*Asks:* 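One structure follows; several queries about it will come next.
All chains are named by letter (A, B, ...) in the order of the sequence lines, taking the proteins before the strands, and each is independently numbered beginning at 1. This one's a predicted model, so the numbers in the text were calculated from it and none came from an experiment.
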Amino acid sequence: MPVGDHAMADQPAGRDYRDTLFLPETSFPMKAGLQKLEPETIARWDEIGLYRTLREDAATRPKFVFHDGPPYANGHLHIGHALNNILKDLVVRTRQMTGYDADFRPGWDCHGLPIEWKVEEEFRAKGRKKQDVPATEFRAACRAYAETWIGIQKGERKRFGITADWEDPYVTMAFDSEAAIAAEFLKVVRAGLVYRGSKPVMWSPVERTSLAEAEVEYHEKTSTTIWVKFPIVARPDVSVVIWTTTPWTIPGNRAISYSPAISYGLFEVQSVEQGLAFEPWVKAGDKLVVADKLVDEVMKAAKAATFTRLGDFDPAGVVCAHPFRGKGYDFDVPMLAGDHVTDDAGTGFVHTAPGHGAEDYLIWVARGLSQADIPFTVDEDGRYTKEAPGFENLEILQLEGKNAGKDGPANKAVIEALVAANALLARGILKHQYPHSWRSKAPVIFRNTPQWFIAMDKPGPRGKTLREEALAAIDATDWGHEGARNRIRSMVETRPDWLISRQRAWGVPLAMFVHKDTGEILKDDAVDARILAAMKEKGADAWYSTPAAEFLGPDHPASDYEKVEDILDVWFDSGSTHAFVLGQRPSLPRPADLYLEGSDQHRGWFQSSLLESCATRGHAPYKAVRTHGFTLDEDGRKMSKSLGNVLPADKLFKDYGAELVRLVTASVDYEDDQRIGKTIFEQCGETYRKLRNTMRYLLGALAGFDEAERLPDDAEWPLLERWLRHRLWELDGQVRAAYAAFKFRDALTAIVEFCNVEFSAFYVDVRKDSLYCDRPDALRRRACRTALDAVFERLTAWLAPIMVFTTDEAWRTRYPDAASVHLRQLPETPASWRDESAAAEMARLRAVRAVVTGALEIERREKRIGSSLDAAPVVWCRDAALAEALRAVDFADLCITSAIVVEVGAGPADAFRDEGQGVAVEVKPALGRKCARSRRILPEVGTDPRYPDLSLRDADAVAWWDARAAR
RNA sequence: AGGCCCGUAGCUCAGGUGGUUAGAGCGCACGCCUGAUAAGCGUGAGGUCGGCAGUUCAACUCUGCCCGGGCCUACCA
C-alpha cells in the first residue's frame, strides 16, 4: 500500500492528543550564551563562598597536594597560560570530586629583569634615568608594577573557571616570602655550598652593566682578525697558530683548544709572495701547526707563496708559551680538547681566554682548571687592569663622544705588541654578527666578573654533593615516563655550578656578610635572625636601608665586613616556593604530590626547586611531576608576537568562552604540543552542543520525576535499561581510572561517544515512544526515567571538572536550591548494575538492528517509506536461536518500526541481507491505521471504541489522563 | 650545530610483544523526521599510516637516513 493512502484515511478530524503526551519540558536553553553565563557564574561562586565551602567539606579527607608553579607577573595571559591553568584545574577538581581534599593555592613570581626593564622604561618616559632613581624608589615602582599585573592576571585566571584560593595567593614579593627566600639562601650557605667564583658575563662598557642574553641583539660588525703564533715550549722553532676576531682578548689567553677529530699538520714555509706593497710577517723557514683542511687559507692570509708539509701533528699534551712570555705572561698555555672546535674557519685551533667567552670558560672549568687562575684583565669601564701587564688602562671601546662604542686603543696596542714579539702571522678584516646592547646599540664584551655560585660537586652536610642528591631525588620521583626522567637527569648530570648572583635591583638580596680579609661568609645565628626579622617586617628593602652594624651587632665590627648587595637569581625565588607554600597550611603539607608545568620547566622550575630543596633538605619537594607541551597555531607554528598568531585571553573569552577552551584542553594530548586554532574550536563547539543538548534533553525528560516513580533496584528491569545501567557502570570505571591517571581526554572521549552513539542515537531514540506516550505508572516508562535520572546524576558529575559552567547550570536547573554541582563527589555506581549478559544480548540485538536500518535506508532511498514507523519488516534468521532471542524482546520497539515479524530461514532472494550474521530483512509496509497519538501504524487501532483513532496502549494512557483530569 | 620529543582520514584521537580488506567520534555529502527543531535519526565518501631505504615470508608497528615541527642548550673563537 502506498504511503499516501493510509495517511489520508488515518487523519480524521478527531481529538488533538498533543496535550496528553509527556513531552520534554525545561527552562534550560539550547543556546548557552557562554559570554554572559561565565562571568555571572563566577560572580555567584564568589558570592556563596564556594571555595571556602569546598575546603570545609573536604577538611577531613586525605590530602592531594598540588603546588602551583608561579607565572611571571607581567603581561596578559594567552592560550598557553590557559592550557596550563586549566590542566591544573582539571587535576585539582578531579581529585576533589574523587574523595580528596585538593587545595589550590595559586602563586606569582614577581622579581626579576623583565619587570625591571618595564619600570626603567616607565621612568625613562618621564625623563628619568635609572641611575638617577634611588634604589628604594625604583624597587617600590617594581613592586607596584607587579601588583598591577597580579591583579590583572588573577582576573584572567579566574575567568577561565579555575577554582583556587584567589583570596590568599602566594606572591614571591610578599615580605614574608622575601624573608623566607633569604632564609632558604642562608640555609644553603650553612650547608657550605655557596662560594665566590668568577665567570665571564656579557658586559656593556658604555653602560657599565652586565647584560642578560635577552638584552643583547646581534648586528653586523667589522672586526680586525689576527693569526697569532704560540711557540711550543718544548720546540720553540715551531708555533701553533690561532685565529681570533678579538685581538684585545690575547692578554686573557690561558689555553688553546683543539679537536681530536681534526687532523693537524706541521708545515714549513718555503717562500713568501713577492711584489707586495708591504713586508709580510711570515718568513721562509717558519714552522707552523694548523689543521690540514685550513692550511691553504692560513698560508694565503699570511702571504706565504709555497710551503711543505713536514708531517702529522698531535696536539694532545702539548704546552705552548704565551706570545708575551717574558713580559708578565710566563704561565704555560695548555692544549685542551674541546668539541666546540671545528675546521670550518680559522686554523683549527681556538684561542681560549676563559675570562672572555662562555665556551672558553666552560672548557676551562670542565678540564678541572681553577677559576682562581682566570684573570680579571678588564674592568667595569672596559679598561685593562694590572692583570694585563703592559696594557694597563687601555680602553677596549671608546666610552665618550661621537665615537662611543667604536674600537678603543686596546686592539691596536695588542697587535703592535704581537708584531714586536714576532708572534703575529697575519691580520685581516671580517664582517660578522656580533652582540650589541639592546639599549645603547654599542658592542658588548665578555668580561670576567666575580659572582656567587652554589657548588654542585662539593660534599654537603649529608656527605653527598648536591649533584648526587639531586640525581638520587630524580630517581625517587615519578616523572610519568622515562623520557622525562632522562631529560632532567642528563641536564642535572652535566649542568655547571648554579650562578645565583645578579647585579640588579629588583629581587631578594644575597643577605650575607663576607669578611674583608679572609673572604669567608659570616655564619652567626644571631646575625641571620636579625636579618630575617628585618626582612619579614620591611621586605628586601630592609637589607639595603639598614646599616650593617645593626645586623652585625656588637660581636662583629662592621668595618671588617663586606655587605653583599647582589640579588638572587629569580630562579632561586621560584625554586624556594615549596619552602613557604608547602607545610604552612594543614591542607598543603610537604612534599607536594604533583608539580605540573610546561616541559620547558625541566630546565626551569622543576630543576630550581629540586636543587634548592636538595641543597636545604636532601630530597625533592615533589613526589611526581607531569608536563604539558606547547600551544602552537593551527599550522603547527609556535605562537609569537612577530607572527601575530597569539591568542590572548580576552579574545578567547569573547570569541569562544572559557568553557570551550576548557573543552579543547580536555580533548587534546596535552603531553605533546597542541595545535590550536579556529578549526579545533569549531569542532569542540560541536562537542559542546551535543553535550549541552544531552543535558537539556535529560532535564526535559526528567521534568516532574519524583521518588514515588523511581523503580527500585530489585524490580524487574527491562533489558534496555539493564544494558544502559551496565554501560553507566562501565563508564564509571573508565572515567575514574582516566581521572586518576590525569588522562582527561580518555574520560571525555568515552563520555562523548556514549552520548552520541549509545545514549542519543540509540537509547533515547528508542525510548522516546515510551517516554512520550506510556502512562506515567507504566513499568517501562518508570524504568526509563529512573535510568535517565542515573544518567543525569553521572553525566553532570563526570563532566563537572571540564565543563564547569554548563554542568553547574544544568545541576541548578534541576535542583534550584543546590549551591553548586562542584560540591558533589562523583556518584558511586553500584556493582550490581554490572550486567554482562545484558551487554552481550544487546550487542547481538543491535547487530541485527543494523541490518534492519540498512534495509530501511534502501526503502527510504526508493521513496517507499519516510519514517521508520511506516514499515513492518520481516527479519529472517538462519539461526533459530537468534530468532528466538529477537522474539523474546519487543524488537519492533528497538528498531522503531510499527511492527516486526521474525522468521527462521534464508528469506527471499532479493531481501537485504548480512551473510555474516545469517540475517535477511524484507521491508513491508506497516498494516493498519496510524495511531493519532503515537504515530505507530497498527491493525489494532480503532479497537477501543472510546478512542477510535488510537492504539490500545495510547487508549489506555489517554484514559488514565482523562481520569486524572476529571479528578 | 647538539640533546630530547612529535608527525595515522578535514579536526581530535585509538591502533599489547610486527600477521586477515587501518578504526572511532566529530565535521562533510546525501537522505529522513518535523512531538529534543538554529535540535534529532540514517546512509555514504574521505587515509600511498611524513618521505626514502633496509631487516623479515610479513611493518602503521623494528633499524638507519632524510623532511617538517616543537622544547632546551650552544651560538662560531
Side-chain angles (χ1 to χ4, degrees), chain A residues 17-18 21-26 30-31 213 218 225 242-246 249 256-257 338-342 344-347 349-353 356-360 362 432-433 435 481 483-484 486-488 490-491 494-495 598-604 627 629-632 634-638 664 667-669 671-675 677-687 689-690 693-694 696-701 745-746 748-750 752-757 760-762 764-765 768 771-773 850 853-854 856-858 860-861 863 865-870 896 933-935:
Chain A
Y17 291 102
R18 204 168 194 285
L21 290 166
F22 306 100
L23 297 177
E25 217 182 298
T26 178
M30 191 130 89
K31 204 156 170 1
E213 179 63 39
Y218 290 81
T225 63
I242 63 94
W243 177 72
T244 181
T245 58
T246 50
T249 61
I256 294 172
S257 300
D339 294 338
H340 66 295
V341 181
T342 66
D344 296 341
T347 66
F349 290 105
V350 174
H351 148 60
T352 298
H356 295 305
E359 273 184 333
D360 301 37
L362 285 176
H432 61 156
Q433 294 297 109
H481 56 274
N486 292 341
R487 186 171 184 187
I488 190 162
S490 65
M491 286 176 182
T494 57
R495 68 157 296 148
S599 56
D600 58 333
Q601 298 302 329
H602 283 123
R603 174 62 70 184
T627 60
F630 278 71
T631 326
L632 312 176
E634 202 138 34
D635 305 316
R637 307 267 161 186
K638 72 165 139 191
V664 168
S667 301
V668 297
D669 177 7
E671 289 189 274
D672 201 350
D673 294 343
Q674 315 89 38
R675 296 179 169 208
K678 205 166 170 241
T679 318
I680 188 169
F681 276 111
E682 279 168 4
Q683 190 199 195
C684 281
E686 292 299 325
T687 305
R689 193 178 53 70
K690 185 69 190 183
N693 272 324
T694 303
R696 177 168 186 266
Y697 189 80
L698 283 163
L699 286 166
R745 190 189 61 224
D746 290 2
L748 182 63
T749 306
V752 169
E753 289 211 28
F754 167 77
C755 285
N756 274 311
V757 181
S760 178
F762 177 59
V764 169
D765 216 30
K768 270 180 194 172
L771 218 38
Y772 299 169
C773 304
T853 26
L856 292 176
E857 190 57 25
I858 290 181
R860 236 192 298 269
R861 278 279 138 81
K863 303 288 176 199
I865 61 167
S867 162
S868 56
L869 286 173
D870 295 337
I896 320 181
R933 187 161 173 271
S934 69
R935 293 172 176 167

*Asks:* Using the C1' atom as the reference point in each nucleotide, state the distance between B:C13 and B:G27 in Å, no decimals.
*Replies:* 14 Å

*Asks:* Taking salt bridge (charged side-chain N to carboxylate O under 4.0 Å, His left out) as the definition, give me every residue that meets it alongside A:R745, ordered by chain and number, with sequence neighbours left out.
*Replies:* A:D669

*Asks:* Checking all strands, does A:S667 fall into the base, sugar-phosphate, or nothing category for heavy-atom contacts under 4.0 angstrom?
*Replies:* sugar-phosphate

*Asks:* Keeping A:R933 on the side-chain end and A:C773 on the backbone end, is there a donor-acceptor pair under 3.5 Å?
*Replies:* yes

*Asks:* If I pick the C1' atom on B:U34 and the same atom on B:A38, what distance separates them, to the nearest angstrom?
*Replies:* 14 Å

*Asks:* Side-chain contact, heavy-atom cut-off 4.5 Å: A:R935 with A:S867?
*Replies:* no

*Asks:* B:G69 C1' sits how many Å from A:K638 NZ, rounded?
*Replies:* 11 Å

*Asks:* Could you check whether A:R861 pairs with A:E857 (Lys NZ or Arg NE/NH1/NH2 to Asp/Glu carboxylate O, under 4.0 Å)?
*Replies:* yes

*Asks:* For A:E671, which residues count as a salt bridge (charged side-chain N to carboxylate O under 4.0 Å, His left out) partner, sequence neighbours excluded?
*Replies:* none

*Asks:* Going by the rule side-chain contact (heavy atoms from CB on, under 4.5 Å), which residues pair with A:L23 if we only count those two or more places apart in sequence or in a different chain?
*Replies:* A:R18, A:L21, A:Y772

*Asks:* Between B:G70, B:C11, B:G25, which nucleotide has the shortest distance from any of its atoms to the side chain of A:E753?
*Replies:* B:G25

*Asks:* Please compare A:G636 and A:V668 by the position of their nearest nucleotide in RNA chain B and report the one closer to 5'.
*Replies:* A:V668

*Asks:* Is A:T687 touching bases, backbone alone, or none of the nucleic acid, heavy atoms closer than 4.0 Å?
*Replies:* nothing

*Asks:* Which residues pass the side-chain contact (heavy atoms from CB on, under 4.5 Å) test with A:E634, sequence neighbours left out?
*Replies:* A:K678, A:T679

*Asks:* Which residues pass the side-chain contact (heavy atoms from CB on, under 4.5 Å) test with A:D600, not counting sequence neighbours?
*Replies:* A:F630

*Asks:* Counting any heavy atom closer than 4.0 Å, what does A:T749 reach on the DNA or RNA strands: base, sugar-phosphate only, or nothing?
*Replies:* nothing

*Asks:* For B:G10, does the base pair up with any side-chain atom of A:E634 as donor and acceptor (N or O, under 3.5 Å, distance only)?
*Replies:* no

*Asks:* Answer with base, sugar-phosphate or nothing: what part of the nucleic acid does A:D635 contact at a heavy-atom distance below 4.0 Å?
*Replies:* nothing

*Asks:* Could you give the distance separating B:C67 and B:C26 at their P atoms, to the nearest angstrom?
*Replies:* 40 Å

*Asks:* Are A:H351 and A:T249 close enough that a side-chain donor and a side-chain acceptor fall under 3.5 Å?
*Replies:* yes

*Asks:* Please state the P separation for the pair B:A45 and B:U12 - nearest whole angstrom.
*Replies:* 24 Å

*Asks:* Whole angstrom is fine here: how far is it from NE2 in A:H481 over to P in B:C4?
*Replies:* 13 Å

*Asks:* With sequence neighbours excluded, what pairs up with A:E753 under the salt bridge (charged side-chain N to carboxylate O under 4.0 Å, His left out) test?
*Replies:* none

*Asks:* Listed by chain and number, what are the salt bridge (charged side-chain N to carboxylate O under 4.0 Å, His left out) partners of A:E25, not counting sequence neighbours?
*Replies:* none

*Asks:* Between B:U63 and B:G19, how far is it from one P atom to the other, in whole Å?
*Replies:* 15 Å

*Asks:* Map every base of RNA chain B to its dot-bracket character, where paired means a Watson-Crick or G-U wobble contact with both distances under 3.5 Å and | marks a partner outside the strand.
*Replies:* (((((((..((((.....[...)))).(((((.......))))).....(((((..]....))))))))))))....

*Asks:* Identify the pairs formed between an N or O of the protein and an N or O of nucleotides 5-7 of chain B at a distance under 3.5 Å, and give each distance.
*Replies:*
residue: B:C6; atom: O2'; partner: A:D672; partner atom: OD2; Å: 3.0

*Asks:* Taking all heavy atoms of A:V757 and all of A:A761, pick out the closest pair and write down the distance.
*Replies:* O-CB, 3.6 Å

*Asks:* What distance, rounded to whole Å, do you find between the two P atoms, one in B:G25 and one in B:G40?
*Replies:* 15 Å

*Asks:* Rounding to an integer number of Å, can you tell me how far A:E682 CD sits from B:C11 P?
*Replies:* 13 Å

*Asks:* Between protein and nucleotides 35-46 of chain B, map the contacts as a letter string: B base, S sugar-phosphate only, - none, heavy atoms under 4.0 Å, written 5' to 3'.
*Replies:* BBSSSSSBS---

*Asks:* In whole angstrom, give the distance that lies between atom CD of A:Q601 and atom C1' of B:C72.
*Replies:* 11 Å

*Asks:* Syn or anti for B:G70? Use the chi torsion, O4'-C1'-N9-C4 for purines and O4'-C1'-N1-C2 for pyrimidines, with syn inside 90° of 0.
*Replies:* anti

*Asks:* Between B:U12 atom P and A:Q683 atom CD, what is the distance in whole Å?
*Replies:* 7 Å

*Asks:* Starting at CD of A:Q674 and ending at P of B:G69, how long is that distance when rounded to a whole Å?
*Replies:* 18 Å

*Asks:* Please give the distance between the C1' atoms of B:C49 and B:G18 as a whole number of Å.
*Replies:* 14 Å

*Asks:* Apply side-chain contact (heavy atoms from CB on, under 4.5 Å) to A:A701 and list each qualifying residue two or more places apart in sequence or on a separate chain.
*Replies:* A:Y697, A:L771, A:L788

*Asks:* Which value, in whole Å, describes the distance between the C1' atoms of nucleotides B:C6 and B:U43?
*Replies:* 36 Å

*Asks:* Using the closest heavy atom to pick a nucleotide of RNA chain B for each, name whichever of A:H351 or A:I680 lands nearer the 5' end.
*Replies:* A:I680

*Asks:* NZ of A:K863 versus C1' of B:C30: gap in Å, rounded?
*Replies:* 10 Å

*Asks:* With sequence neighbours left out, write down each residue that passes side chain to side chain donor-acceptor pair (under 3.5 Å) with A:Q601, or none if nothing qualifies.
*Replies:* none

*Asks:* Measure the distance from CG on A:D746 to P on B:U12 and round it to the nearest whole Å.
*Replies:* 17 Å

